[in-house]
Amino acid sequence: MKHFSKGLFVGAVIGALTIAAPLSQAATPQDQLVVGTSLAQVLSLDPQQATEGKAVEIMSNLYDRLVASTADGKILPQLAESWKVDDKGITFTLRKANFASGNPVTSKDVVYSLARLLKMDQAAAANLKRVGYDKDNVEKLVKAVDDQTVRIDLSEQVTAELLLYRLTTTTTSVVDSVEVESHAVDNDYGNAWMRTHSAGSGPFTLNRWSPNELVILDANKDYMAGAPKMRRVIVRHVPESQVERLMLERGDIDIASALTASDLATFQSKKGFAIQRIPTGGFYVLSMNAGNKYLANPKVREAIAYGIDYKGIEKTIMGPYGRARNVPVPENFEYAIPNPDWHLDVEKSKQLLSEAGFKDGFSLSLKTIAQTPRIDLATAIQASLAQIGIKIDIQQGNGSEIIAAHRARDFDLLIPQTSAYMPNVLGSMEQFSSNPDNSKEANNAGNFVWRSAWDIPELTALTAKASMEPDAKKRGEIYVQMQKLFVEQKPAVLPLFERFEPIVLNSKVEGYVGHPSQLTRLENVTKVETQ
């Protein structure tokens, strides 16, 4: 097995020893929330740049958006106290609020933030670019009517309802334009500074971020809805599941969110702890680079789909993390179609490889972040595909290495994860079914399908049609067509398991409600007094 970074596991062992040393210390302070997790994917805390899950959870507490979504998908006011929808767009009225700097939040900050997102043109911009907003038209479509009123005109590629959901994501966070611009260097929109600082109006401010070590958030005492209950939130990087379990048991952390299935099981019905299993609407995925001479062939991709023991992996590895599912729509969503008949069938897989001209098999590399449960998942896939003649070389690395390789199309196979930005077929499937320009020159690294070089013009057009259909029933019919066409085309972005986020909480923690899109807010979290 090859590794991107020779020092990765040495560092992990040293980190584990460092963390393990104080395990005898007392419980965490009553006014501080301490979370143990993996910070391997946190590469930036700039909301117009970062899209990785744990970064999203941190940023959702540093920044506000115009609107927010609840765990069950309802749209709620946040910086906008109200809005009016017409056939041309949406007009938002802002509430009185200040940034942590003391600067007032105005409509100019909203315009600046959305323009910044699209002009920086990084992966975070994909959700708006996909429906017709870009760096050239954003300042025509997003305007400040007055200090407290913002107008967003609809592009010709989205309905108002679906635009509102897109505005709930952290990428559309409203940043302090005065503060950010004061730190801009060489027209970088303040990005170098924003990666490690905060300039928001949210319930917390960023005190410190040490990559792969910890993040410290301090309460914003002047937050518009009142000061958070916790004075401080500390997020600790604890990549070793056993160490994290011991820390939770001994009271050194309040929440654990990077435990293996076996360590999670030790907390089942255990007094003093509670488990939340949060559905994300997303998936663990096997991304195949269709630019590879083998993977360009749909029969090879289908052979791989029949070459994986989904049920066995679900039972032995995924456990609370995943449910076998090969359509990129959770099975309980309205208009979700039944799963295709993809299951481990070694003879069928070998026959498909032979029909594709590769009866003797071939070798591929598989890249994955060194993080639960993806390492074990990669090993299981390696064993499964070996049975059909595909030899897999696993290459594991840290978040920056793997994410960069994915965005650069520098892989054969790779295991990413997704989530849904709204609780319907389009919210979970759009990133699997839209790739407007597959050319290498497009360099559209923010597009999930583009990264796999999978050209899908018919499916892309159907997805765009769904985004513009105002009638819910007709839109549902398109959703069904999208899923069927996805399966028919033998996807290069193969969903493996519907993704869940299992976390364990000390029972003294109250008010923590995990959000499916990892937009979990912490201002109302409290701790009950221990006996």
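All residue numbers in this chain count up from 1 along the given sequence.
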Can you tell me how far [atom2] of [Y] sits from [atom1] of [X], rounded to the nearest 0.5 angstrom?
{"X": "Leu413", "Y": "Met288", "atom1": "CG", "atom2": "CE", "result": "7.0 Å"}
{"X": "Ser467", "Y": "Leu426", "atom1": "OG", "atom2": "CG", "result": "4.5 Å"}
{"X": "Arg65", "Y": "Arg166", "atom1": "CZ", "atom2": "CZ", "result": "15.5 Å"}
{"X": "Leu364", "Y": "Leu295", "atom1": "CG", "atom2": "CG", "result": "5.0 Å"}
{"X": "Ile478", "Y": "Gln483", "atom1": "CD1", "atom2": "CD", "result": "12.5 Å"}
{"X": "Tyr321", "Y": "Arg499", "atom1": "OH", "atom2": "CZ", "result": "10.5 Å"}

Donor-acceptor pair, [X] side chain versus [Y] backbone, under 3.5 Å?
{"X": "Thr520", "Y": "His515", "value": "yes"}
{"X": "Arg245", "Y": "Glu249", "value": "no"}
{"X": "Arg236", "Y": "Gly36", "value": "no"}
{"X": "Thr168", "Y": "Val67", "value": "no"}
{"X": "Tyr223", "Y": "Phe204", "value": "no"}
{"X": "Asn435", "Y": "Ser452", "value": "no"}

is_close_aromatic(Phe411, His406), centroid dist under 6.0 Å: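 Ring centres of His406 and Phe411 closer than 6.0 Å.
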Are Phe432 and Phe448 close enough that their ring centers fall under 6.0 Å? yes
Intermediate values then yes/no, side-chain hydrogen bond (donor to acceptor under 3.5 Å, both in side chains), Gln396 and Thr368: CA-CA 5 Å; Gln396 51 187 342; Thr368 183; over 6 Å; no
Taking the side chain as every heavy atom from C-beta outward, state whether Asp376 and Met318 have any atom pair closer than 4.5 Å.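 With C-beta onward as the side chain, the pair stays apart.
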If we only count heavy atoms from C-beta on, is the Asn438 to Asn447 side-chain gap below 4.5 Å? no
Under 4.0 Å between a Lys/Arg side-chain N and an Asp/Glu carboxylate O for [X] and [Y]?
{"X": "Lys465", "Y": "Glu458", "value": "no"}
{"X": "Arg521", "Y": "Asp64", "value": "yes"}
{"X": "Glu161", "Y": "Arg475", "value": "yes"}
{"X": "Arg323", "Y": "Glu498", "value": "yes"}
{"X": "Glu430", "Y": "Arg130", "value": "yes"}
{"X": "Lys84", "Y": "Asp86", "value": "no"}
{"X": "Lys129", "Y": "Asp121", "value": "yes"}

CD of Gln242: more than 12 outside heavy atoms within 6.0 angstrom?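 No, CD of Gln242 has 12 or fewer neighbouring heavy atoms, counting only those of other groups under 6.0 Å.
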Lys474 atom NZ, over 12 foreign heavy atoms within 6.0 Å: no
Is [X] close enough and on-axis enough to [Y], meaning under 6.0 Å and within 45°, for cation-pi?
{"X": "Lys348", "Y": "Tyr306", "answer": "yes"}
{"X": "Arg409", "Y": "Trp450", "answer": "yes"}
{"X": "Arg277", "Y": "Phe500", "answer": "yes"}

What residue among Thr171, Leu163, Asp134 forms side chain to side chain contact (heavy atoms under 4.5 Å, CB included) with Leu128? Leu163
Regarding [X] and [Y], is there a side-chain donor-to-acceptor distance under 3.5 Å anywhere?
{"X": "Ser517", "Y": "Ser419", "result": "no"}
{"X": "Ser257", "Y": "Thr37", "result": "yes"}
{"X": "Asp412", "Y": "Asn289", "result": "no"}

Step-by-step side-chain hydrogen bond (donor to acceptor under 3.5 Å, both in side chains) determination, Lys271 to Ser507: CA-CA 8 Å; Lys271 185 178 180 181; Ser507 293; over 6 Å; no
Between Thr70 and Asp72, is a side-chain hydrogen bond (donor to acceptor under 3.5 Å, both in side chains) present by the stated rule, with each step listed? CA-CA 5 Å; Thr70 63; Asp72 59 357; 2.3 Å; yes
Assess whether side-chain contact (heavy atoms from CB on, under 4.5 Å) is satisfied between Lys527 and Glu510, documenting all intermediate values. CA-CA 6 Å; Lys527 293 184 189 178; Glu510 294 188 342; over 6 Å; no
